[in-house]
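A short worksheet on the structure shown next.
To find a chain, count down the sequence lines: A is the first, B the second, and so on, and within it residues start at 1. When reading the values below, keep in mind they use all heavy atoms of this one structure, side chains included, and skip hydrogens, waters and symmetry mates.
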Amino acid sequence: MVHLSHKFSTIPINFIPKQFSKHLPQQIQSQTTPPFIPFSQRQNQRSLLESQLISALNCCTSLTQIQQIHARILRKGFEQCCYVLTKLIRILTKMEIPMDRYAKLVFNQVENPNPFLCTALIRGYCLQGLVKESVFVYSEMRKKSVLPISFTFSALFKACGVVNDVDLGRQIHGQTILIGGFGFDLFVKNSLIEMYVKLGFLGCGRKVFDELPERDLISWTELIVGYVKAGDMESAGELFSELPKKDMVAWTAMVTGYAQNAKPREALEFFERMLHEGVETDEVTLVGVISACAQLGAAKYANWIRDIVENLGFSPTRCVVVGSALIDMYSKCASVEDAYKAFKVMEEKNVFSYSSMIAGFAMHGYAYAALELFHEMVKIGIKPNKVTFIGVLTACSHSRMVEQGRQIFESMEEKFGISPGVDHYSCMVDLLGRAGCLEEALNLAETMPLEPNGGVWGALLGACRTYSNPDIAQIAANHLFELEPNAIGNYILLSNIYASAGRWNDVLMVRKMMREKGLRKNPGCSWLETKKGVIQEFFAGDMSHPRYGEMKQVLEDLLNRLKAIGYQPNMNSIAYDVSDEEKRRILITHSEKLALAFGLLDINADFPIRIMKNIRICEDCHSFICRVSQITRRVIIVRDNLRFHHFHDGKCSCGNFW
DNA sequence: TTAGGGTTAG
């Protein structure tokens with residue numbers, strides 16, 4: 001049975017008047033007249049065929065299969081059947097098959113497209129980034145007087161979000177008001193809020209929200225997310241508390257919001273409230289909580305969330321997103337071994353899992369492992385992205401692997417088609433700088449094709465501190481003072497560099513700049529996880545700890561034992577022009593030393609002492625802790641603001657190069 | 001058919 005068009009789809013071919021038959025395709029004309037079949041039976045046959053085509057489309061797993069079904073659609077005379085064609089377009093969209101040519105073919109053939117077909121095309125184009133085509137389909141459907149449906153506008157708003165075109169969004173918003181009924185459609189309004197939020201027009205989103213005669217959970221959650229993305233957790237929280245009925249998604253938006261806005265403690269508090277109220281959690285919630293634990297960096301939190309994740313049945317083995325989040329968390333909570341265990345058991349690995357693991361190895365100084373993993377992912381066909389290269393280059397940088405770093409940097413564009421961004425240049429400046437090639441690093445910063453940012457000049461300034469080069473430091477610092485006038489760390493670094501060169505007048509000048517800007521030095525602060533799992537805080541120079549007397553005794557004993565094996569306090573670490581005696585006093589009360597003393601008193605000898613620090617570990621503390629690990633035979637792990645140092649038997653995993 | 005997700009350098 002062959003049919004001509006969707007419109008007359010129930011009319012069999014032999015009913016077509018003869019004068020039209022010459023327009024029919026050859027194969028159809030040549031058919032012999034089929035026997036007469038009653039109307040109801042013909043209809044049954046057609047709907048049977050239709051459902052067969054739909055199920056066949058549902059089973060497609062490749063473009064070739066889709067093409068075969070398309071041929072069948074044409075053969076069976078369904079080329080005007082919007083229902084089947086809509087399904088075809090949706091399948092193409094779902095499988096992310098570039099559909100431009102295909103969609104045009106379909107759209108040009110259909111005489112009377114229905115709103116569903118047009119909308120599927122608009123959505124498909126939009127999700128493939130072909131927004132102009134989306135808008136073209138919309139104008140075509142208007143020309144053909146096809147009335148849009150709510151989802152048409154929703155897809156169009158999404159398209160505007162993809163291309164960052166708020167003006168187009170506003171025009172389409174106008175259309176929703178012109179075309180009867182949509183001005184009050186909640187689904188359309190929600191999509192509009194989503195678009196405004198995505199494009200950063202939070203005020204416009206709020207206005208649409210406020211003017212809604214009624215709202216649903218989705219409207220509320222969209223706006224909450226808007227505030228989260230804008231970093232305004234206070235407004236997000238207010239809105240959340242006003243939300244009459246909260247579901248898992250809204251709760252999760254808050255948990256991840258706190259995690260994304262560097263408020264990990266609040267994220268955990270929210271998560272606990274969520275559990276307490278009996279709200280269900282899923283892998284998305286857990287990913288937010290895991291990320292918060294990673295920021296806290298304590299093994300205690302890592303173990304706590306590990307148990308929850310396992311109890312809920314989300315092991316890294318089965319869920320790639322949870323797995324990647326766990327890898328990152330374990331790396332940042334001092335256990336790169338646990339990170340690697342999680343990585344190994346993952347059944348599915350993607351660019352996120354590899355990049356997280358590479359960054360984890362880099363952070364702990366395992367450069368070779370990082371590089372090996374990078375080569376492995378390339379070999380098995382996982383394409384690295386920009387973030388992957390940051391990890392790989394950092395690994396090279398922290399292990400003085402200049403040549404490997406250079407090669408990888410060059411391969412980015414040549415082999416992987418990724419043009420290096422300013423952050424990659426900053427890694428390269430860091431790589432060269434750490435290796436002592438300060439002139440070359442300066443040259444790269446000055447000649448790179450992109451505008452260098454604070455990262456680039458900061459890397460150079462850091463290298464100048466390592467190699468005591470006040471002249472290049474001054475160049476880097478001048479750039480930094482312009483780019484980041486209020487970043488206290490840059491002033492401290494420059495002042496330290498001048499101090500170690502004995503240029504005390506310059507030190508005073510930097511101090512004056514800081515005073516004039518009203519900048520105050522961040523006090524050095526360290527944290528230690530005690531035997532009972534409590535996090536204790538230690539500030540530099542703080543003598544108010546209840547066990548300070550014991551801690552002081554421990555430090556003095558250590559100092560005497562270390563002096564006997566050749567340790568001398570490193571006065572260059574102090575950027576004050578004070579007496580040597582005063583420098584010694586300042587050095588011995590650095591926060592990491594206080595934490596170490598407490599750790600030695602509190603933590604059993606079989607366990608490592610884990611210390612976290614808010615700023616970079618100083619030279620003196622590094623060498624002090626190194627030797628302490630030798631004479632006490634203790635494993636001491638310090639996480640500073642950049643990376644980990646594993647001290648064991650008088651050696652550090654960073655190889656004294658950090 | 002619309003809302004929440006993992007990796008980033010000084």
Side-chain angles (χ1 to χ4, degrees), chain A residues 90 116 119-120 123 149-155 157-158 185-195 197 216-226 228 247-257 259-260 281-291 294 316 319-329 331-332 350-360 362-363 384-394 397-398 421-431 433-434 453-465 476 480 484 487 489-490 493 616 641-643:
Chain A
R90 284 186 188 158
F116 298 99
T119 303
R123 180 167 180 268
I149 51 175
S150 310
F151 194 41
T152 318
F153 291 116
S154 161
F157 288 139
K158 198 173 262 295
D185 188 311
L186 186 55
F187 175 46
V188 169
K189 293 288 183 189
N190 280 347
S191 307
L192 183 62
I193 296 175
E194 191 200 348
M195 180 198 76
V197 162
D216 63 5
L217 248 169
I218 294 169
S219 341
W220 286 88
T221 314
E222 266 164 352
L223 206 59
I224 288 172
V225 170
V228 164
D247 71 347
M248 178 174 71
V249 178
W251 276 96
T252 305
M254 288 302 291
V255 171
T256 36
Q260 287 165 350
T281 54
D282 68 0
E283 74 274 17
V284 185
T285 325
L286 290 176
V287 163
V289 186
I290 295 168
S291 155
C319 181
V320 65
V321 183
V322 168
S324 305
L326 283 174
I327 292 169
D328 175 55
M329 180 192 71
S331 303
K332 288 178 179 161
N350 62 12
V351 64
F352 280 91
S353 6
Y354 271 93
S355 304
S356 302
M357 195 62 247
I358 288 170
M363 211 184 294
N385 65 15
K386 290 187 174 230
V387 181
T388 323
F389 283 105
I390 301 276
V392 181
L393 292 173
T394 311
S397 178
H398 287 264
V422 66
D423 297 337
H424 301 104
Y425 278 96
S426 128
C427 288
M428 284 309 285
V429 168
D430 190 47
L431 174 75
R434 274 174 201 275
N453 65 5
V456 175
W457 294 116
L460 187 59
L461 187 64
C464 292
R465 196 206 55 83
L480 282 167
E484 306 171 341
N490 300 327
L493 255 180
R616 188 180 187 279
N641 58 337
L642 287 180
R643 55 165 293 160

(request) Name all residues meeting the salt bridge (Lys or Arg N to Asp or Glu O under 4.0 Å) criterion together with A:Glu222; count only those two or more places apart in sequence or in a different chain, and write none if there are none. (result) none
(message) Applying side chain to side chain donor-acceptor pair (under 3.5 Å), can you list everything that pairs with A:Ser154, at least two apart in sequence or on another chain?
(response) A:Ser191
(request) Using a 4.0 Å heavy-atom cut-off across all strands, classify A:Glu484 as base, sugar-phosphate, or nothing. (result) base
(message) Can a donor-acceptor pair be found, under 3.5 Å and without considering hydrogens, that links the side chain of A:His424 to the backbone of A:Lys386?
(response) yes
(request) Classify the nucleic acid contact of A:Lys386 as base, sugar-phosphate or nothing, counting any heavy atom under 4.0 Å across all strands shown. (result) nothing
(message) Using modelled atom types and a 3.5 Å cut-off, is there a donor and acceptor pairing between side-chain atoms of A:Thr221 and backbone atoms of A:Leu217?
(response) yes
(message) Need one value for A:Val320: base, sugar-phosphate or nothing, where a base atom within 4.0 Å counts as base even if backbone is also close, heavy atoms only.
(response) base
(request) Look at all strands and tell whether A:Gly433 reaches a base, only sugar-phosphate, or nothing, counting heavy atoms closer than 4.0 Å. (result) nothing
(message) Going 5' to 3' along DNA chain B, which are the first and last nucleotides with any atom under 4.0 Å from a heavy atom of chain A?
(response) B:dT1 to B:dG10
(message) Applying a 4.0 Å non-hydrogen cut-off, can you work out what A:Ser191 is touching in the nucleic acid: base, sugar-phosphate, or nothing?
(response) nothing
(request) Assign A:Thr285 to base, sugar-phosphate, or nothing according to its heavy-atom contacts below 4.0 angstrom with the strands shown. (result) base
(request) Using modelled atom types only, decide if a donor and an acceptor are shared between the side chain of A:Asn453 and the backbone of A:Val456 within a distance under 3.5 Å. (result) yes
(request) May I ask you to check whether A:Ser219 and A:Asp216 show a side-chain donor-acceptor distance below 3.5 Å? (result) yes
(message) Testing the 3.5 Å rule here: is there a donor-acceptor pair between the side chains of A:Ser353 and A:Asn350?
(response) yes
(request) Using a 4.0 Å heavy-atom cut-off across all strands, classify A:Met248 as base, sugar-phosphate, or nothing. (result) base
(message) Categorize A:Asp430 for me: base, sugar-phosphate, or nothing, with a 4.0 angstrom heavy-atom threshold over every strand shown.
(response) sugar-phosphate
(request) Report which part of the nucleic acid A:Leu480 touches: base, sugar-phosphate, or nothing (heavy-atom distance under 4.0 Å, all strands). (result) base
(message) Any base atoms under 4.0 Å from A:Phe352, or only sugar-phosphate, or nothing? Heavy atoms, all strands.
(response) base
(message) Using a 4.0 Å heavy-atom cut-off, does A:Lys332 contact any base of the nucleic acid, only the sugar-phosphate backbone, or nothing at all?
(response) sugar-phosphate
(message) Students often get this wrong, so: under 4.0 angstrom with heavy atoms, is A:Val321 touching a base, only sugar-phosphate, or nothing?
(response) base
(request) Assign A:Arg643 to base, sugar-phosphate, or nothing according to its heavy-atom contacts below 4.0 angstrom with the strands shown. (result) nothing
(request) Name the nucleic acid region contacted by A:Asp216, choosing base, sugar-phosphate or nothing; use a 4.0 angstrom heavy-atom cut-off, strictly under. (result) nothing
